[in-house]
*Asks:* 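Before I ask anything, here is the structure I am working with.
Numbers restart at 1 for each chain; the letters A, B, ... are given by sequence-line order, proteins then strands.
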Amino acid sequence: MSDQDERTTYDVESVQQKWQQVWEKLDHFRADDDSPRDKRYALTMFPYPSGDLHMGHAEVFALHDVIARYWWQRGYEVLNPMGFDSFGLPAENAAIKNDEHPAVYTYGNIETSIASCRNYATSFDWSRSFNTSDPSYYKWTQWLFLKFMERGLAYRKNSPVNWCPADQTVLANEQVVDGHCERCGAEVTKRELTQWYFRITEYADELLADLDTLAPTWPDRVITAQRNWIGKSEGAHVDFDMSNGQRVTVYTTRPDTLWGATFMVVAADSKLATELVTPDRSAELAAYVAEVRKASDIDRLATDRPKTGVDLGVTATNPVTGEQLPVWASDYVLADYGTGAIMAVPAHDQRDLDFAREMRLPVRMVVDTGAEDPAVSFVATTGHGTYVNSGPLDGLTDKATGVHRAIEVLEAAQHGKGAVNFRLRDWLLSRQRYWGAPIPVIHCPVDGEVPVPEDQLPVLLPELKGADLKPKGTSPLGAAREWVETTCPTCGGPAERDTDTMDTFVDSSWYMFRYCSPHDDTQAFDSAKVNEWMPCDIYIGGVEHAVLHLLYARFFTKVLADMGLVDFREPFAAQLNQGFVINHGKKMSKSLGNGVRLGDQLAEFGVDAIRLTLVFAGPPEDDIDWANMSPDGSLRFLQRAWRLSGDVTSEPGADVTTGDLALRRVTARTVHDATELVEGYRFNVLVARVMELVNATRKAIDSGCGPADPAVREAVEAVAILLSLVAPYTAEEMWERLGHEPSVARAGWPAVDEALLVEESVTAVVQVQGKVRARLEVAPDISEVDLEAAALADEAVVRALEGKTVRKVIVRAPKLVNIVAG
RNA sequence: GCCCCCGUAUCCCAACCGGCAGAGGAAGCGGUCUUAAAAACCGCACAGUGUGGGUUCGACCCCCACCGGGGGCACCA
């Protein structure tokens, strides 16, 4: 390297090497539980260790680090942990392929990822790291399961469930996307199985209501997605007496249209259908159900599919009209929503109308909306209108009143009542796979489902590998006979262990608590410490977890609060979603061959330049198209900033009050604004402002106050500290060249002299008819009267007003005067 | 089909409570330096804010409609 190069650039690779070693020794990001400082908890969704870090990790870690490092600089004690969500299918599939244990793949990848994180200069506190597949962690996952079981929140039931034929395991509703497996994309089918569930529906109301408290600090789309998913609706339960003596309750959001009900439909695959069907129709029903079961969810989801069904042979009495209604079974009614049965009002529900047409059932309009009669138009009407043929509702014109009145009628007749219903279902948590936390339950022929006693936790996974793990539709754990066969903790007789493992979303539903006391082997977490650190002040992650993980973690927190273990009911006070890193307008993928390898980018431009590029690209939530980015430009800027530190000739601690005022103003303004820019997640603007400061400082050195002015030192030190949030290596190198001890990361936020923020004069714009006619330099505290007088006295303004009458003068001191004339 | 977010210069993006459309970067063009090039430094351009209405003294910003892009929900009674 020539002398000239040394003045203009630094060597990225050697600088990275150098500081990694220094930081290792400093250990300056370790969170102290007993610190007297105010505490902050910065959390990023922990990754699944699938190989090495990629561009997506690089982005989220860079964004996350800005906040964590900012908090340190502002004087907070910061908990900034990282670990790995290390149970899950990819490790298991790799193990099958390579005939090895999933731990080999998992822990190898974890090591690689940690090394990459260190190189990437993340400020994580590795002393708190753990992996969900460690027995010391999943012991407590199992313990929590037992606590849920004690509280009646974990239970087993037989039910049709989502089944992924490729992964050979059941899936939660949340893991089925458009009828496909969220993970592998295979078409999901239904199976009747006995599975474990968490009773998340018990918390549906609270999960929904508390979204309002999160709305100011959570992204809109997450709030909306959760609201939709929980799917609260209000209506009524209506009881129908059947011709066979049974009473069947339906759920409806339109009890006001009960007078227009002309038939009833029950879910074909429900128990209710088989109970109701008359003997002469039962064969037909069975055949129909068999056909329905064969159809995949994909087919079921097609809304334009012709309606099908079977007449069950029974009739139901309409509680308000006394009419006898035929009862049908169909697959357009879902067994697990509402009561699995509906009253059909074809005039005012398109689905019912389609079914009525198909089956030639009567259509009776009871709300006259002014539109054509649905019986003729075949278009159901759902809007407001005048009630007709509806007994006590006749003549009403408002839907809400109609609904209210109908519920009163039903309640008086003891044939129904107002009801709310949720779309949210219970969380199916059993999985027929190996690499997860075993469900800590023993099945005894005498005592039934017996929880494993707490002192026998963890229930360790049996050692299986390679071919033993091949999916065969039942849990691989079943093959480990010596593990399965055990004794009943209650009666001591022979019994078998549950062979399913837990959904990995269980593992990730409580890891943020564990970080507060990560190595405590006496409890899942230390409540006092958790209450000290939590809720997390910021949670950063991908919007793909808007419902899944975030809903589950919220549910867990509420249960833990009810158990008295934590004193808050929401785990994440604020949330930020980062966008994707894409390339040439498309998501990066192997099949498209448009992937950008993080390792290559880091090697070419260095860690700081890549971090800077990702942070500067735009608002954090926006996708970043790597093809539009210029890491090269980022590197040039960093070198430019670094060069400033070599130009400073004043000594550390020089008296800045004598420094160049203009530059001092820019510095003060930049540092002052940086605070709200970071706190508003406007990191891209922050970077732009630092660039501005660098430009101003360059100019001051070359053609202004010169390198010896203390204001230059003040400016460059501010640049180093602000850059420490984004480009830790460059900032550290600058700090050292400025004559300071490491680390700049803990240097503290630059002091701002408030007096410097007050401008000595501002430019006021004078408009005539909205057109700018003059600019006046005025005092910032000029009065409206004085400003107006000055404006009207201005030569250019006078000229513009010639021959016109001033009609109105709007004054917004000190920035603007608008004169309306004509 | 219903709901939410976003459309600013060639590109990525700023613009405070409704008050001069431009902070920053990329690409481009020109200059200084250089034998030359790169780097560095200096400078120059480039849009009237997707479209059409409305409110206002004044609209990128608020309201309505439409177009385009992204996302959520969707046979949930």
*Asks:* From CG of A:Asp354 over to P of B:A77, roughly how many Å is that when rounded to an integer?
*Replies:*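 Those two atoms, CG and P, are 17 Å apart.
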*Asks:* Counting side-chain heavy atoms from CB outward, which of B:C73, B:A26, B:A23 is closest to A:Ser630?
*Replies:*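 Output: B:A26.
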*Asks:* How far, in whole Å, is B:C66 from B:G72 if one measures between their P atoms?
*Replies:* 23 Å
*Asks:* B:G69 and B:G50: how far apart are their P atoms, nearest whole angstrom?
*Replies:* 16 Å
*Asks:* When rounded to the nearest Å, what value does the distance between C1' atoms of B:A9 and B:G48 take?
*Replies:* 10 Å
*Asks:* Taking atom P in both B:A26 and B:C13, compute the distance separating them and give it to the nearest angstrom.
*Replies:*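 Comparing P positions in B:A26 and B:C13 gives a spacing of 16 Å.
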*Asks:* Report yes if a side-chain nitrogen or oxygen of A:Arg636 is closer than 4.0 Å to either non-bridging phosphate oxygen (OP1 or OP2) of B:A27; otherwise report no.
*Replies:*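 Yes, because at least one side-chain N or O of A:Arg636 sits under 4.0 Å from OP1 or OP2 of B:A27.
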*Asks:* Among the nucleotides B:C57, B:A77, B:C5, which one has an atom lying closest to any side-chain atom of A:Asp220?
*Replies:*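 Shortest atom-to-atom distance from the side chain points to B:C5.
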*Asks:* Specify the separation, in whole Å, of atom CG of A:Leu614 and atom P of B:C12.
*Replies:*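 Taking CG of A:Leu614 and P of B:C12, I get 17 Å after rounding.
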*Asks:* Run the salt-bridge test on A:Asp256 and A:Lys399 with the 4.0 Å N-O cut-off and return the result as yes or no.
*Replies:*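 Not counted as a salt bridge, because no side-chain N and carboxylate O are separated by less than 4.0 Å.
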*Asks:* Identify whether any heavy atom of A:Asn695 sits under 4.0 Å from a base atom; if not, whether one sits that close to sugar-phosphate; answer base, sugar-phosphate or nothing.
*Replies:* sugar-phosphate
*Asks:* Across the strands shown, which category fits A:Thr253 at heavy-atom distances under 4.0 angstrom: base, sugar-phosphate, nothing?
*Replies:*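 The answer is sugar-phosphate, as A:Thr253 gets under 4.0 Å only of primed atoms, P, OP1 or OP2.
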*Asks:* Could you give the distance separating B:C46 and B:C41 at their C1' atoms, to the nearest angstrom?
*Replies:*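 My reading of the C1' atoms in B:C41 and B:C46 gives 23 Å.
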*Asks:* Suppose you measure atom C1' in B:A37 against the same atom in B:A23; what distance do you get, rounded to whole Å?
*Replies:*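 My reading of the C1' atoms in B:A37 and B:A23 gives 33 Å.
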*Asks:* Compute the ring centroids of A:Tyr552 and A:Trp427, then answer whether they are less than 6.0 Å apart.
*Replies:* yes
*Asks:* Using purine N1 to pyrimidine N3 plus N6-O4 or O6-N4 for Watson-Crick, or N1-O2 and O6-N3 for G-U wobble, both under 3.5 Å, which nucleotide pairs with B:A39?
*Replies:* none
*Asks:* Counting side-chain heavy atoms from CB outward, which of B:A77, B:G43, B:C41 is closest to A:Thr252?
*Replies:* B:A77
*Asks:* Expressed in whole Å, how much space separates the C1' atoms belonging to B:C44 and B:A27?
*Replies:* 15 Å
*Asks:* For the side chain of A:Glu692, counting heavy atoms from C-beta on, which of B:C20, B:A23, B:G25 is nearest?
*Replies:* B:A23
*Asks:* Indicate yes or no: does A:Arg698 engage A:Asp702 in a salt bridge with an N to O separation below 4.0 Å.
*Replies:*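 Looking at A:Arg698 and A:Asp702, the cut-off is met.
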*Asks:* Under 3.5 Å between N/O atoms: give me all the protein pairs with nucleotides 17-19 of chain B, atom names plus distance.
*Replies:*
{"unit_1": "B:G19", "atom_1": "O6", "unit_2": "A:Arg812", "atom_2": "NE", "d": "3.2"}
{"unit_1": "B:G19", "atom_1": "O6", "unit_2": "A:Arg812", "atom_2": "NH2", "d": "3.3"}
{"unit_1": "B:G19", "atom_1": "N2", "unit_2": "A:Asn818", "atom_2": "ND2", "d": "3.2"}

*Asks:* How many whole angstroms separate atom CG of A:Leu211 from atom C1' of B:G72?
*Replies:*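 About 14 Å, once rounded to whole Å.
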*Asks:* Could A:Arg737 and A:Trp642 be counted as a cation-pi pair, given that NZ or CZ must be under 6.0 Å from the ring centre and within 45° of the axis?
*Replies:* yes
*Asks:* Can you measure A:Asp349 atom CG to B:G1 atom C1' for me and round it to whole angstrom units?
*Replies:* 14 Å
*Asks:* Between B:G24, B:C41, B:C73, which nucleotide has the shortest distance from any of its atoms to the side chain of A:Asn228?
*Replies:* B:C73
*Asks:* Counting only side-chain nitrogens and oxygens, does A:Ser703 get under 4.0 Å of the OP1 or OP2 atom of B:C42?
*Replies:*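 It does not, given that no N or O in the side chain of A:Ser703 lies less than 4.0 Å from OP1 or OP2 of B:C42.
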*Asks:* NA contact type, A:Met343, heavy-atom cut-off 4.0 Å: base, sugar-phosphate, or nothing?
*Replies:* nothing
*Asks:* Given the ring of A:Phe378, does A:Arg357 sit roughly above its face, with NZ or CZ under 6.0 Å from the centre of the six-membered ring and within 45° of the axis?
*Replies:* yes
*Asks:* Is it the case that over 12 heavy atoms from other parts of the model lie below 6.0 angstrom from the NZ atom of A:Lys417?
*Replies:*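 Atom NZ in A:Lys417 is not packed in, count stays at 12 or less.
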*Asks:* Taking the side chain of A:Asn684 as heavy atoms from C-beta outward, which of B:C13, B:A23, B:C42 is closest to it?
*Replies:* B:C13
*Asks:* Without swapping roles, check the side chain of A:Arg812 against the backbone of A:Ile810 for a donor-acceptor pair under 3.5 Å.
*Replies:* no
*Asks:* Assign A:Arg773 to base, sugar-phosphate, or nothing according to its heavy-atom contacts below 4.0 angstrom with the strands shown.
*Replies:*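 No contact at all - A:Arg773 keeps every heavy atom at 4.0 Å or more from the nucleic acid.
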*Asks:* Take atom CZ of A:Phe683 and atom C1' of B:G25, then tell me their distance rounded to the nearest Å.
*Replies:*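 My rounded result for the distance is 18 Å.
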*Asks:* Under the side-chain hydrogen bond (donor to acceptor under 3.5 Å, both in side chains) test against A:His348, which residue among A:Thr382, A:Thr381, A:Thr257, A:Thr369 passes?
*Replies:*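 For A:His348, the side-chain hydrogen bond (donor to acceptor under 3.5 Å, both in side chains) check succeeds only for A:Thr381.
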*Asks:* Within less than 4.0 Å of OP1 or OP2 of B:C41, is there a side-chain N or O belonging to A:Arg643?
*Replies:*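 Yes, such a contact exists.
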